[in-house]
Amino acid sequence: MSTLFISDIHLSAQRPDMTAALVRFLEHDAPGADALYVLGDLFEFWIGDDDPNPLHQQMADAFLALSQQNVPIYFIHGNRDFLLGQQFAKRAGMTLLGDPCVIELYGERVVLSHGDLLCTLDEGYQKFRRITQLKWLRWLFLRLPLARRQAIASKMRGQSQMENA
């Protein structure tokens, strides 16, 4: 019996080595597992299920191939891919879970979370997190043209990188 957990991979076109490593893991290590839990930040950023990024389709195909081998795949949103929706989850054979989520694992109750909600001392980030959880704001953002969403994501990533430098 094995249950697998992955998190914070931050896939992007700029890191094909990370993508290749994850695909190898899904093809060679994950089959036969009892389940796979993706605990957020699978992607560096996610601006909507309608983004035609080839990386997204490649990963949907890789996850779907694993799910078709009777390995259930569960996904909890991270702070980079909180807009990942039901459309992608269906294409990838994943089930979306809330954050936090309590599961039964080998007879024990286990709490799963991406973990960013535990950064309680970072008041600025927690304010940002509360705003990004507003359903009406997500709905509005996802109705912006794709090019506008890409520009907003690029600007936010640039600000984040400057803050973490």
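Side chains included, hydrogens not; waters and symmetry mates left out as well; all remaining heavy atoms used.
The salt bridge (charged side-chain N to carboxylate O under 4.0 Å, His left out) check on Asp50 picks up Arg149, with sequence neighbours excluded. Partners of Gln57 according to the side chain to side chain contact (heavy atoms under 4.5 Å, CB included) rule, which considers only residues two or more places apart in sequence or in another chain, are Ala60, Asp61, Arg91. For Pro16, the side chain to side chain contact (heavy atoms under 4.5 Å, CB included) test picks out no residue, with sequence neighbours left out. The side-chain hydrogen bond (donor to acceptor under 3.5 Å, both in side chains) check on Gln133 picks up Arg138, with sequence neighbours excluded. When the side chain to side chain contact (heavy atoms under 4.5 Å, CB included) test is applied to Leu134, the partners found at least two apart in sequence or on another chain are Trp136, Leu137. Considering only residues two or more places apart in sequence or on other chains, Asp122 meets the side-chain hydrogen bond (donor to acceptor under 3.5 Å, both in side chains) condition with none of them. Shown here are the side chain to side chain contact (heavy atoms under 4.5 Å, CB included) partners of Arg109, two or more places apart in sequence or in another chain: Val102, Glu104. Taking the side-chain hydrogen bond (donor to acceptor under 3.5 Å, both in side chains) definition, one finds that Ser113 meets it with Asp99, sequence neighbours left out. The side-chain hydrogen bond (donor to acceptor under 3.5 Å, both in side chains) test applied to Asp81 returns no partner, not counting sequence neighbours.
Taken to the nearest 0.5 Å, the OG atom of Ser12 stands 8.0 Å off from the CZ atom of Phe45. A distance of 9.0 Å separates CG of Asp49 from CG of Leu83, quoted to the nearest 0.5 Å. Leu39 CG to His77 NE2: the interatomic distance, rounded to the nearest 0.5 Å, is 12.5 Å. In this structure, CE in Met59 is found 7.5 Å from CD1 in Ile9, a value given to the nearest 0.5 Å. With rounding to the nearest 0.5 angstrom, the CE atom of Met94 is 7.5 Å from the CG atom of Leu36. With rounding to the nearest 0.5 angstrom, the CD1 atom of Ile76 is 11.5 Å from the OG1 atom of Thr95.
Screening Ile6, Leu11, Asp8, Asp116 against Asp41 for a side-chain contact (heavy atoms from CB on, under 4.5 Å) leaves a single residue, Asp8.
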> Does the pair Leu144 and Ile152 meet the rule for a side-chain contact (heavy atoms from CB on, under 4.5 Å), with working shown?
Replying inline: CA-CA 10 Å; Leu144 292 173; Ile152 291 169; 3.9 Å; yes
> Would Val38 and Phe5 count as a side-chain contact (heavy atoms from CB on, under 4.5 Å) if you check the C-alpha gap in whole Å, the side-chain angles of each, and the deciding distance to 0.1 Å?
Replying inline: CA-CA 6 Å; Val38 182; Phe5 298 87; over 6 Å; no
> Which is it for His10 and Arg80 under the side-chain contact (heavy atoms from CB on, under 4.5 Å) test, yes or no, and what are the steps along the way?
Replying inline: CA-CA 8 Å; His10 295 265; Arg80 301 290 185 124; 3.7 Å; yes
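The shortest heavy-atom contact between Ala13 and Leu55 is N-CD2, 3.9 Å. Summarising the geometry of Leu96 relative to Gly85, their closest heavy-atom pair is CD1-C, 3.9 Å, with the distance given to 0.1 Å.
Atom CG of Leu121 sits in a sparse spot, with 12 or fewer heavy atoms from other residues, nucleotides or ligands closer than 6.0 Å.
Leu66 places a side-chain heavy atom less than 4.5 Å from the side chain of Pro31. Side-chain contact between Phe43 and Asn53 is absent, with no heavy-atom pair separated by less than 4.5 Å. Looking only at side-chain heavy atoms (C-beta outward), Leu26 and Phe63 come within less than 4.5 Å of each other.
Counting only residues at least two apart or in different chains, salt bridge (charged side-chain N to carboxylate O under 4.0 Å, His left out) contacts with residues 15-26 comprise Arg15-Asp17. Listed by first and then second residue, the ring-ring contact (aromatic ring centres under 6.0 Å, His included) pairs that reach into residues 90-131 come to none, sequence neighbours excluded.
In this structure, the ring of His56 has its center less than 6.0 angstrom from the ring center of Trp46.
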Can I get a per-line list of side-chain donor-acceptor pairs under 3.5 Å for residues 67-75, giving both atom names and the distance, sequence neighbours left out?
| from | atom 1 | to | atom 2 | distance (Å) |
| --- | --- | --- | --- | --- |
| Ser67 | OG | Leu64 | O | 2.9 |
| Gln69 | NE2 | Ala65 | O | 3.3 |

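Following chains of ILVMFWY side-chain contacts shorter than 4.5 Å, one cannot reach Leu117 starting from Leu84, and the two form parts of different hydrophobic clusters.
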